[in-house]
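A short write-up of the structure that comes next.
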Amino acid sequence: MKSCWSSIATGIAWCLAWGDRRKPQFEMGVLQEMRRALNSGEEVPEDVREIVDRVRELLNIPDKIPKAEFPETITDLQNKYPNLWNQTGQIGLVYGGATKIKQYVFDEAKLPDIRGASALLDRINLVDLPAFFNKTPESKRYNVHFQKVRKWLEENFPCEPKLGEPKLSEALIPEMIVYSTGGNILAFCPAAFVNDLTDAIEKRYSFETITANSCAVGDTFKLLEIRFGLLRDAIEQTFWLERYRQEYKNPVVEAYFGKLDKQPNEPCIADPSCVEEAFANRKSFNELTTKLAVLFNQRRSGNKFENRPSRRYPPILETHPYLQRDEADRRSAITRATDNPDNSNQKGLPGNPWFSEVSARKRKAGDRAKQGKIKETHWYTEWHPDVIEGWVDKFEDFLKKPSEKLNKYCGSYNYNLEDVEIAQSLTQLGSVSNGFVAYIYADGNNMGGYIQKITTPQKYQEFSDDVDNATRYAVFQALAEHLHPRQLKGNNKSESTLPDGAWIHPFEIITIGGDDIILIVPADRALAIAKTIGEQFEQILLRQVQIPGVEIKGDYQTQPSEKPIDLSKCHRYLSQNAGTANCQLSTSIGVLIADYKTPIYYAKKLYEQLLKSAKKRAKDLKDRGYCGGTVDFFVMKSVTAIASSIEDFRKEALTKESPQKLKLYAAPYTLHEIGGLIESVKALKKAEFPKSQLYQIRSFLEQGKQTTILNYRYFRTRLKQGKKELRQEFEEAWCKAKTNEGNVAPWMFDLKEGVYETIWRELLDIYDFIELEDAELISEELVETEVES
């Protein structure tokens with residue numbers, strides 16, 4: 001195999017050349033020259049040539065070693081790669097990031113505070129931590145902040161001048177970073193600086209946020225372990241392939257290496273086809289990251305680590321029963337955002353809220369992320385968020401690259417994006433969608449299975465970049481496709497500084513990190529946006545959709561199935577028209593449509609349940625050959641609609657046992673089915689099916705299958721128009737009988753579960769949130785809908 005030098009290889013060579021002590025074994029000038037030469041493809045200094053040759057030999061090992069060439073015994077491994085095993089020196093590997101992220105982000109009730117908390121964590125992960133390694137941010141907005149982070153690192157982790165030791169900042173270079181996305185960082189470092197770097201990661205989160213939880217761990221490894229996993233110091237005692245052949249059915253061995261399934265491979269992430277493949281997948285760089293993940297969980301749980309400060313005592317802010325608390329009613333308030341009586345130009349905030357130091361930082365960070373420029377606040381001057389690039393800034397940058405996206409988002413109005421504001425509250429987001437908003441929570445499927453097959457740090461880096469790009473641009477594509485700026489109506493001046501009639505972006509991106517997405521969007525576009533996100537994620541990874549300036553490096557195409565996939569077992573809506581999901585990775589999405597007055601913390605509990613339900617559906621469908629995305633949604637028109645959980649509500653209120661088992665719902669859905677659901681609503685609207693009769697049919701659902709079918713057919717025959725559309729988009733599309741050419745509308749029969757289910761109730765739930773015509777620009781009159789209370 002041809003050697004392909006990568007930036008990660010430069011980082012590994014730097015660590016080896018530095019050595020095991022804090023003081024490098026070569027002069028800094030030699031190390032810098034080696035780095036420059038490796039990055040430019042030139043000859044390296046003679047002093048470090050042997051080290052570079054060892055790293056190059058490591059790179060020459062194929063990602064997937066042929067079965068006949070994989071070392072059978074540990075002795076074969078030593079004999080095949082003697083230079084790598086005998087290479088002296090250890091390499092540090094560090095893993096860390098924020099923990100309990102949602103607890104920190106959703107600790108506040110106001111949208112600006114939530115925005116600020118999320119933006120602050122994003123900046124630490126995407127800018128501050130890479131700055132430790134002297135990695136220059138992509139955005140020039142962070143140039144000044146970058147220098148401040150470097151100065152902070154040098155002041156908090158200085159050198160020992162008497163010993164002639166360099167600073168931590170001098171020991172780190174950008175090429176060491178494997179990835180720094182999704183709230184976590186994985187990076188190499190010289191062995192002697194592992195503890196310093198992990199402490200710096202944890203301290204940075206505490207320094208900026210005060211209360212956000214973070215954790216970082218690290219360990220040192222030999223060069224050969226980077227490719228072949230953990231090896232014992234007494235290498236002959238290492239559990240290797242010849243022993244695995246004999247014991248792979250042992251429950252303890254299965255728990256570590258995975259169960260070797262002899263059944264046909266799954267179409268999404270193929271199971272190992274033989275003992276050699278199962279062993280090789282585990283004994284790789286993946287085993288090192290697994291060890292760090294175990295250490296991470298141990299430290300997060302408060303276990304003591306030698307030579308490191310304990311995490312078992314989280315930040316606790318003093319309070320008192322008679323002191324003023326912040327709006328979250330948890331911490332002692334230190335300031336109130338009122339107008340400055342000495343300066344009429346210095347205004348406070350609507351409602352004059354109280355802030356603790358933690359919530360004040362979140363609010364200032366949220367204002368900075370919203371406006372993109374420093375906004376001095378007289379009511380809290382002790383901390384400045386410097387630069388924070390908000391998600392709307394990134395979205396607008398995306399719109400400006402392909403002009404057609406900008407035209408699609410802006411429509412026939414030639415908006416100046418600089419004049420379009422960001423919503424200041426859920427009230428404003430709800431006002432542009434008749435008082436309802438939708439929460440979209442998405443997470444990747446099959447990620448763990450795919451990661452287990454990654455054997456090298458280079459592939460880890462490519463995978464992280466690919467998933468991050470696919471997630472981010474799937475969201476941007478969906479927002480540009482289905483939304484446009486909207487005008488505020490009936491704006492509450494006591495809660496807002498925006499004038500009535502101002503144009504705003506009708507969405508809020510809470511977070512996009514790794515394979516996680518949390519959005520707030522208008523209720524009338526929620527399902528379409530969710531469907532597009534799921535589709536675009538897969539298409540971007542498969543290179544079917546090209547994003548300017550983005551290169552997908554990995555291969556995510558599914559392997560050909562051993563037997564044809566029966567799509568009728570995967571989709572209940574026109575399965576013959578559904579395409580085959582060919583991507584190994586997909587997304588599950590939970591969508592909650594609710595009144596804007598619904599508390600965010602309560603909405604969070606519900607959309608997390610919906611995501612869990614969608615994931616369960618995706619797992620069930622994977623056994624039938626479906627590898628694509630799934631969506632579960634719920635429409636809650638009153639805050640008290642759910643007393644316990646959505647699952648319990650569906651079991652107790654929407655499931656009937658007499659005489660047949662009936663499910664008065666059909667969620668979750670595949671992406672193809674969500675598209676069909678939207679089309680079916682449009683068919684009902686085209687047919688001008690009287691709304692009173694729609695609700696009357698719904699009331700008959702609980703009376704049994706025959707009663708409902710009879711009433712549906714009676715009402716359908718009386719329609720004056722739209723019978724054809726209703727028959728095509730509902731009866732024939734969803735409700736065809738399993739044993740003959742007829743249909744059982746409005747029911748469907750699930751052969752696997754042996755139950756009748758219906759989409760009718762969910763059709764009515766979203767009826768008012770689906771527009772009949774998808775125009776490039778929808779006026780405010782068309783956006784207004786009549787939502788039944």
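Nothing fancy with the numbering, it's 1 onward along the sequence.
The structure places CG of Asp465 at 10.5 Å from CD of Glu551, a figure rounded to the nearest 0.5 Å. Note that CD1 of Ile646 and CG of Asp632 are 7.0 Å apart. Values are rounded to the nearest 0.5 Å. Rounding to the nearest 0.5 Å places CD1 of Ile540 at 11.5 Å from CZ of Arg472. If you take SG on Cys735 and CZ on Arg727, they are separated by 13.5 Å, rounding to the nearest 0.5 Å. Between atom CG of residue Leu701 and atom NZ of residue Lys663 there is a gap of 14.0 Å, rounded to the nearest 0.5 Å. Lys604 NZ to Leu592 CG: the interatomic distance, rounded to the nearest 0.5 Å, is 13.0 Å.
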Show, in sequence, the C-alpha distance, side-chain angles and deciding distance for Arg713 and Asn743, and conclude whether the side-chain contact (heavy atoms from CB on, under 4.5 Å) test is met.
CA-CA 11 Å; Arg713 292 182 181 276; Asn743 69 75; 3.4 Å; yes

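Taking all atoms of both residues into account, the shortest heavy-atom contact from Pro746 to Thr708 is CG-CG2, 3.5 Å. A pairwise comparison of heavy atoms in Ile269 and Lys453 identifies CG2-CD, 3.9 Å as the closest pair. Taking all atoms of both residues into account, the shortest heavy-atom contact from Val631 to Leu671 is CG2-CD2, 3.7 Å. The two residues Asp466 and Leu541 come nearest to each other via the heavy atoms O-CD2, 3.8 Å. Across every non-hydrogen atom of Leu664 and Ala653, the tightest pair is CD1-O, 4.5 Å. The minimum heavy-atom distance linking Leu585 with Asn446 is given by the pair CD2-O, 3.7 Å.
Checked by atom type, the side-chain pair Glu679/Tyr573 shows no donor-acceptor distance below 3.5 Å. Side-chain atoms of Thr471 and Asp515 include no donor-acceptor pair closer than 3.5 Å. There is a side-chain donor-acceptor pair under 3.5 Å between Thr289 and Tyr460. Side chains of Asp468 and Thr181: a donor-acceptor N/O pair is absent below 3.5 angstrom, by distance only.
The number of heavy atoms from other shown groups lying within 6.0 Å of NZ (Lys569) does not exceed 12. Around the CD atom of Gln660, the shell of radius 6.0 Å holds more than 12 heavy atoms that belong to other residues, nucleotides or ligands. Within 6.0 Å of the NZ atom in Lys752, the count of heavy atoms belonging to other residues, nucleotides or ligands exceeds 12. Other residues, nucleotides and ligands place more than 12 heavy atoms under 6.0 Å from the NZ atom of Lys705. With a 6.0 Å radius and a threshold of 12 heavy atoms from other residues, nucleotides or ligands, Lys619 has its NZ atom at or below the threshold. Under a cut-off of 6.0 angstrom, the local environment of CD in Gln696 is crowded, with over 12 non-hydrogen atoms contributed by other residues, nucleotides or ligands. More than 12 heavy atoms of other shown residues, nucleotides or ligands fall within 6.0 angstrom of atom CD in Glu404.
The ring-ring contact (aromatic ring centres under 6.0 Å, His included) test with Tyr712 is passed by exactly one of Trp760, Phe700, Trp747: Trp760. Across Lys616, Arg617, Lys622, a single residue satisfies salt bridge (Lys or Arg N to Asp or Glu O under 4.0 Å) together with Asp620, and that is Lys616. Each of Glu725, Lys724, Glu731 was scored for a side-chain contact (heavy atoms from CB on, under 4.5 Å) with Gln728, with one residue passing: Lys724. For the side chain to side chain donor-acceptor pair (under 3.5 Å) with Thr630, the qualifying choice from Ser588, Ser586, Ser613 is Ser588, the only one to do so.
With Asp555 contributing its side chain and Gln557 its backbone, the two residues share a donor-acceptor pair below 3.5 Å. Judged by distance alone, the side chain of Thr717 and the main-chain N or O of Tyr714 form a donor-acceptor pair under 3.5 Å. Judged by distance alone, with hydrogens and angles left aside, the side-chain atoms of Lys615 form a donor-acceptor pair with the main-chain N or O of Gly444 at under 3.5 Å. For Thr455 (side chain) and Asp63 (main-chain N/O), a donor-acceptor pair under 3.5 Å exists by modelled atom type. Arg245 contributes no side-chain N or O that, together with a main-chain N or O of Val275, makes up a donor-acceptor pair within less than 3.5 Å. Side chain of Glu732 to backbone of Glu729: no donor-acceptor contact under 3.5 angstrom is found.
Residues Asp768 and Phe436 fail the side-chain proximity criterion, which asks for heavy atoms closer than 4.5 Å. Annotation: side chain of Tyr695 is in contact with side chain of Leu764 (closest heavy-atom distance under 4.5 Å). Side-chain contact check for Val475 versus Trp391: every heavy-atom pair is 4.5 Å or farther apart. Considering only heavy atoms from C-beta on, Gln536 stays 4.5 Å or farther from Glu481 through its side chain. Counting only heavy atoms from C-beta outward, the side chains of Arg698 and Asp765 approach each other to under 4.5 Å. Inter-residue side-chain proximity for Arg572 and Glu757 is flagged as met; some heavy-atom pair is nearer than 4.5 Å. Looking at Glu538 and Gln544, their side chains never come closer than 4.5 Å, going by heavy atoms from C-beta outward. Contact annotation: the side chain of Leu527 approaches that of Phe633 to within less than 4.5 Å [non-hydrogen atoms, C-beta and beyond].
Taking the six-membered ring for Trp and the full ring otherwise, the centers of Tyr556 and Tyr450 sit less than 6.0 Å from each other. Residues Phe395 and Phe507 bring their aromatic ring centres within 6.0 Å.
Ring planes of Phe279 and Tyr244: tilted class, angle from 30 to 60°.
Cysteines Cys627 and Cys268 place their SG atoms closer than 2.5 Å to one another.
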